[in-house]
Every structure is written in C-alpha cells, then in structure tokens.
Amino acid sequence: MSADRPANVREISALHPRLRDDLHFVFQEFSGERCCVLEDPVTSRYHRIGLAEHALMRRLDGKTPFAEACARAALESGSEALSERSSLALLAWLVEHRLADLGGNVPIDVLDENRSRKLSASVSSFFNLLSIRIPLGSPDRFLKKCKPLASFFCSHFFFVLWMITVVGGLLQIFVHREEWKQDAVGILAPANWLWLMAVWAILKVWHEFWHGLVCIHHGGRVREAGMLLIVLMPLGYVDASSSLAFPSRWKRIQVAGAGMYGELFLAGIAAGVWTLSGDALVRHLAINTVMMAGATTILFNMNPLMRFDGYYILSDLMGVPNLSTRSSAWLRYVASRIFLGRKSDSTPETGGKSPLLYVSYGLLALLWRILVMATLLLGATLLFRGGGLVIAVLSILVTLINFIHRTVKKWNDGGGDDFPWPTFLFRTGLALLLFGMVLFVPFKARVTSPAVAQYAGEEIHRVDLPGRVAEFYVRDGEAVVAGQKLLRLENLEAQNRLQALRLEVNHQEIRYRKKFLSGKPAEAEAEAATLKGLREQYHELQKRVDSLEVRALSDGIVLAPDLQRMEDMYLSNGNEIIRLAQPSRIEWILPVPVTDAEDFRMQLGREVWILPEGRFRAIPGVFSRMAGRAVTTPDYQALTVLAGGELSLRANSKPSRDHPHELIQPVFWGVVEYAGDEALSLRAGERAHVRFNSTYSLSIWRRTIRAYEKFLDIVFARIGKES
C-alpha cells in the first residue's frame, strides 16, 4: 500500500475488524473450482464467496490490523489475491450486512457506495409494483413434522412410481388425443377463470410444499414462506436458500427441482383421472390441472433464463456458481470495451469456462427480461387500464433512475476527467444509429400463409330423383372417362310409375286413332291434347329415371371418400352423390389474416410461390382472387388445428351441426391457381405454404407492432373479449 493513499483508506487499514464468531462456512466444488458458502444464522441468509474472500475474512479476529490481514491473505491466495479496492469493498459489505464490526471510528464516505446501493435497491423494491413480496411466516416447524413423508417422496421406490404415473399420463393423453383436444377447447374462456384460479392456487401451494419438504429432508431449513404478486397475479414462494450450503450438488438440484417434480406427479394423476372418470366436472378439473401444471412448469419453472428452478439446476449441472452474476459482469466488461474503449478493466472470473458461455447466457437472459418486462407492462396496461398505465410508468421510471444512478456512479469511479467522453459518445451514437436503422428502416419482407390444394372445375353430380344407392361401379380416386358408369340408384316407385305411364300412353294412342278414323275431328283433337300431355310426363319421368344411373360427363378423377358408406343409403333430392375433378387443374385455398389483407390485395393477379409440404422445390402460381368479406367459418378443415393445420379454433358462439367450431381470428379466403405439368403429381388435400415478397415496405418496429396486434386479437378472441 503506497504512502499517497487517501486519508480514509489509511484509517481503515489501521483498524482491527472482527468477524462474528457464529458465522458458518461450508466449502463446495464446481467443475474443479472450490468456493465457500457463508451462513448467517441470525438472518438465515446464505452468501457464496470465493476462497480469496474467505482467506481474508478468517483473519479478521479483532486483533490483526486490516492492512496486515490483507497482506497475509494475499500471500496465501497468490495470483487470486484480492486487490486493495476489492478488500475495502469486502469489508464495507461485511459491515453493511452486520457480519463484522470495525472496532473503531470509520470515515462515512468509505461505506457510502454500499449504503447508496442498498438504498437504491430498497427504493427500487418499494416502487416495483409489478412484483410485490408478502412474507407469511416460517413453515419450518410444520415441514419437520412432515419429514417421514419426505423420506418416502425421496426414495427410489417413489421415483419408480413417479415415472409410471407421469409416463402413463402422457400415454393416456396421446392415445385419447382427439378427445383431449375437444375437452381442452374453451379452457381460457371467462366462465373457466374461477376454476383456473383455484387450480393455480392449489398447484402453487403444492409446488412450494415440495421445495420445503425436500430441503428439510436433506438437513436444510425453510426460514420463510409467502406470496408474490406478479401484476397482482398470486405466486407462492418458500425460502429454501439453506440448500445453497449443501456440499452435494445433487442434493441442491433435488431441492431446486422438487416443485416441478411434485407438479408433474400431480399432473400424471390428473391425466389418469381424466381418462377413467365419467363425471363431467371431475374431468374438467383434471384437464385444468394437467394444463396448468404443464404450462407453468415448462414456461416458468424450467426456464433457465429466469432465476427460478431451472436456473439453479442449470447452474449446478454446469458447475458454475452465480451464473447470472458472472454473466452480468461479463456483459458489463464487454460493453465497457465496446462503448468506452477501456482495456484496463480487470477481466471477470471465468471459473474454467469459456467467456462466450457467459456472454451468450447474459444476452439471452437480458433479452428475456426485456420481453417479460414488456409483456408485464402491456398486461398491466390492458388489465387495469389507467391504473395499469400508472404501474407501467412508475416501473419504467424506477428502472431509468437506477440506470442513471449506476451510470453516474461508474463515471465518478472512473475519475471524472479521465472518462472517455468522445469515444463513449461516438460509439454509443453509432450503435444507436445502427440499431435505429435495423429497427425503423422499412424493407420488403416475405409474406407467408398456409394453403390446401383442391381440384379446380369439379363436376358435381347431385340427386335428381330420390332413391336408394344400389350399386357402385367406381372407387374413390379412380380415373374415369366421359360416359362411364359411376353408380346406380334404385327407385321402384318411380320405375313402376314410368311403366304405368307407358301403358297409359299406349292406351291413349289407341283412343286417339279411333276418334280420328271415325271422322270425329273435335273429339280426336281433345284426345290428341291428352296424349301430348301424357307423352311429356313420360319423357320427363324417363329422364329422371335415367338419372338413377349416374355417368361421367367428362374425363376426370373420382372424389368420393365416403362412397362405401353410402351403400343402401336413401338419398333425397339435391344431395351430392359424387364429384369428378380435372387432375391437371389444381388451385390452392389459403386464409388471409385481416392484418395482412392489404398485402394480399396488392398481389392479386401476380405471381406467388407455393411450397408443398414434403417437397423440396417451390412451384409458381398466380394469386387470382380473394373474398370480399372476412369470415370465421372454418370452411377448409384441413387448415385447422384439428387436422394438424395452423388455424386456431374455439367453440362456436352459435353452434350448428355443420360448424361446431369457429376460427378465433377472422380471415379472407383466397385462391392461388396453378395449371402446370407438375399439377399431375399433386393431389387434393395436400398442404403447402404460399409466399411472396410484400408490396409494402415496413420496418421491424411496425412489423412487431402488427405481430402484437395479431397476438392480442387471438388472446382476446380466445377469452371472449374484444381488444
């Protein structure tokens, strides 16, 4: 330590700090790197520190001067020794957390940085209305009474039972997937919200109970349990941080994953109940349980980009303690190099891992936090209108104030005049310019839409005379020629009536000849009029009877997938019997979302590209026409989710036999025509994607807004509201 140090640093170096005697230290190993966990039994808090920090802390006995303790710790730690600044920061942190006392008067400004940081965190926590923490006491005593139950849940026998339950539940859902889809329709409807909230509350209590139970089983403690309000949506929590002190990483992983383990077990049971029960209410509760347990587990708890269960599991599996903290340090380091041009900043620790790992994780976690924050703010604004807007504005202001405060503090630490303002302003301005160009400069993007093929110019045969289907001469998909017999209907009453008419016509012809030959012209003329009427009736009925034998009017392919089911069926007037299609004429039907309607209208009469599923070459087509009115009727089932397509459905508000479901988002139905040689190898019912370059130039920003609008349309339509 040099003689020209500031007076406050010299005063600190002469003090005799003393670490509390009741603190506990536990050593752990991550990928060959050892670290230490400090436990404060008074507050039941745990802090992970490095070996260099531990080497300095254990020399703070109240007798050794701080400068001497730093020197001895440096000799022991070697190249990993703490710098003077880091040693002072560690001492300030110990005093602020009441882990050590200094045994003398300390200049206030030495601890100002940590005090201001603590104050800033407190203010931020107070004003962060998006996330409110409500402690409800300690469940430690209750969980210890449940310790025998924990021994069973953590046994190998229960793991086998868990596997059978979860895998069996998944298999049941897969086997009855069509029935599952039908029961899951309308799960987000307003009428189901109360059930969802009840199931959600039970699942969260169950989830946190498992965390605490497994933590107690491995010898830990649960200091606190409570409730979190995320945009006023309740979430439970238990403080199982004592697991951080477990020497075994597998025990720490078990505690972190216990909540998901328990939820999936409950979901497996619910899936079995849904399959076996015949009660509608029980099945409804079971499907709600499976959906909520699966969605929350996958989207939130398993997500390693948030500091939930998945993060701690990933951190232990990778052998990287404080993964989030180290990634943030590397992001700040890279940002300092890029925007400030500083090469003198000390390189953050790597822990034996590649810096690319930390930078990549840090960027992904940052982007995810921004997305979550934007979604929460948007949700608060939409759910609570004016009040939600106040919450959003306050949260943004707090975030900006904290950012400005840290930036100013960083500038002060950098020495003021030495701060590279020209470099910072130039590089930041250049980055903002590039970002603005990417975000706001318009460009022509590719527009895509799913499509299904159908034959154009179909020949539709309908029933002209009611009858029973007596005989088939063709099969579905068979090629036929003009005049070929397709099928025969039978109507004995009409056929008998035709024979009776034929006899009546013959008798009338005899009566007419008699009158004519007897020289009675007036009477002969009356008989002739009657004969003419009978002949017209006969020829009309003959045509209809002839129509009972259906023949192809032109060459084509038979389209009648339900032909065999029609055997012996009685068909009424106007019923469709069979279709013939021209295989060389294919057209593609596609849904046009309302938000993309203008792009498609500008494409009318122009070339588009069609990429059929399972093929590796796009084929050309012409976007020929588009309906003038948007509808919600799923006229082409092959494009809906029920047939594996992309169009989402909900229960029809006005259900009918033909349309029990309706589209969530209205669409215009469009047609793309294709009549090339390759149409001979295409079949009706094939799915494809139609794509073209948009006529309009839009920026990423505008396209993001449009995507959000489309998303909100779907959400509000699904929950029965209007945006």
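Only heavy atoms go into these numbers, but all of them, side chains included; no hydrogens, no water, no symmetry mates. Here, residue 1 is the first one in the sequence, and each next residue gets the next number. Since we're looking at a predicted model, the values are computed, not measured.
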Begin with the C-alpha distance, continue with both residues' side-chain angles, and end with the deciding distance and a verdict on salt bridge (Lys or Arg N to Asp or Glu O under 4.0 Å) for Arg535 and Glu509.
CA-CA 10 Å; Arg535 283 176 175 173; Glu509 287 179 345; 2.6 Å; yes
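- Crowding of Glu613 atom CD: a count of heavy atoms from other residues, nucleotides or ligands under 6.0 Å exceeding 12.
- Judged by distance alone, the side chains of Glu646 and His689 do bring a donor and an acceptor atom under 3.5 Å apart.
- Side chains of Asp635 and Thr633: a donor on one and an acceptor on the other come within 3.5 Å.
- We find the CD-OG distance between Gln542 and Ser547 to be 10.0 Å, quoted to the nearest 0.5 Å.
- We find that Arg513 and Glu527 are not joined by a salt bridge, their nearest charged nitrogen and carboxylate oxygen being 4.0 Å or further apart.
- Between the side chain of Arg283 and the backbone N or O of Trp274 there is at least one donor-acceptor pair closer than 3.5 Å.
- When atom types are taken as modelled, the side chain of Ser449 and the backbone of Val592 share no donor-acceptor pair closer than 3.5 angstrom.
- With hydrogens and angles disregarded, a donor-acceptor distance shorter than 3.5 Å links the side chain of Arg551 to the backbone of Gly483.
- A salt bridge links Glu598 with Arg601: the distance from a Lys NZ or Arg NE/NH1/NH2 to an Asp or Glu carboxylate oxygen falls below 4.0 Å.
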Verdict with supporting geometry, Val452 and Trp588, side chain to side chain contact (heavy atoms under 4.5 Å, CB included):
CA-CA 5 Å; Val452 63; Trp588 298 85; 5.8 Å; no
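- To the nearest 0.5 Å, atoms CZ (Arg511) and CG (Leu531) are separated by 9.0 Å.
- Salt-bridge check for Glu587 with Arg625: passed, with a basic side-chain N closer than 4.0 Å to an acidic carboxylate O.
- No side-chain N or O of Asn491 forms a donor-acceptor pair with one of Gln495 less than 3.5 Å apart.
- A distance of 5.0 Å separates CD of Glu504 from CG of Leu534, quoted to the nearest 0.5 Å.
- Using modelled atom types, one finds no donor on one side chain facing an acceptor on the other under 3.5 Å when comparing Arg502 with Gln499.
- The backbone N or O of Leu541 sits nowhere less than 3.5 Å from a side-chain atom of Arg544 that would complete a donor-acceptor pair.
- Considering all non-hydrogen atoms of both residues, Ala271 and Val290 come closest at N-CG2, 3.6 Å.
- In this structure, Thr530 contributes its side chain and Ala526 its backbone to a donor-acceptor pair below 3.5 Å.
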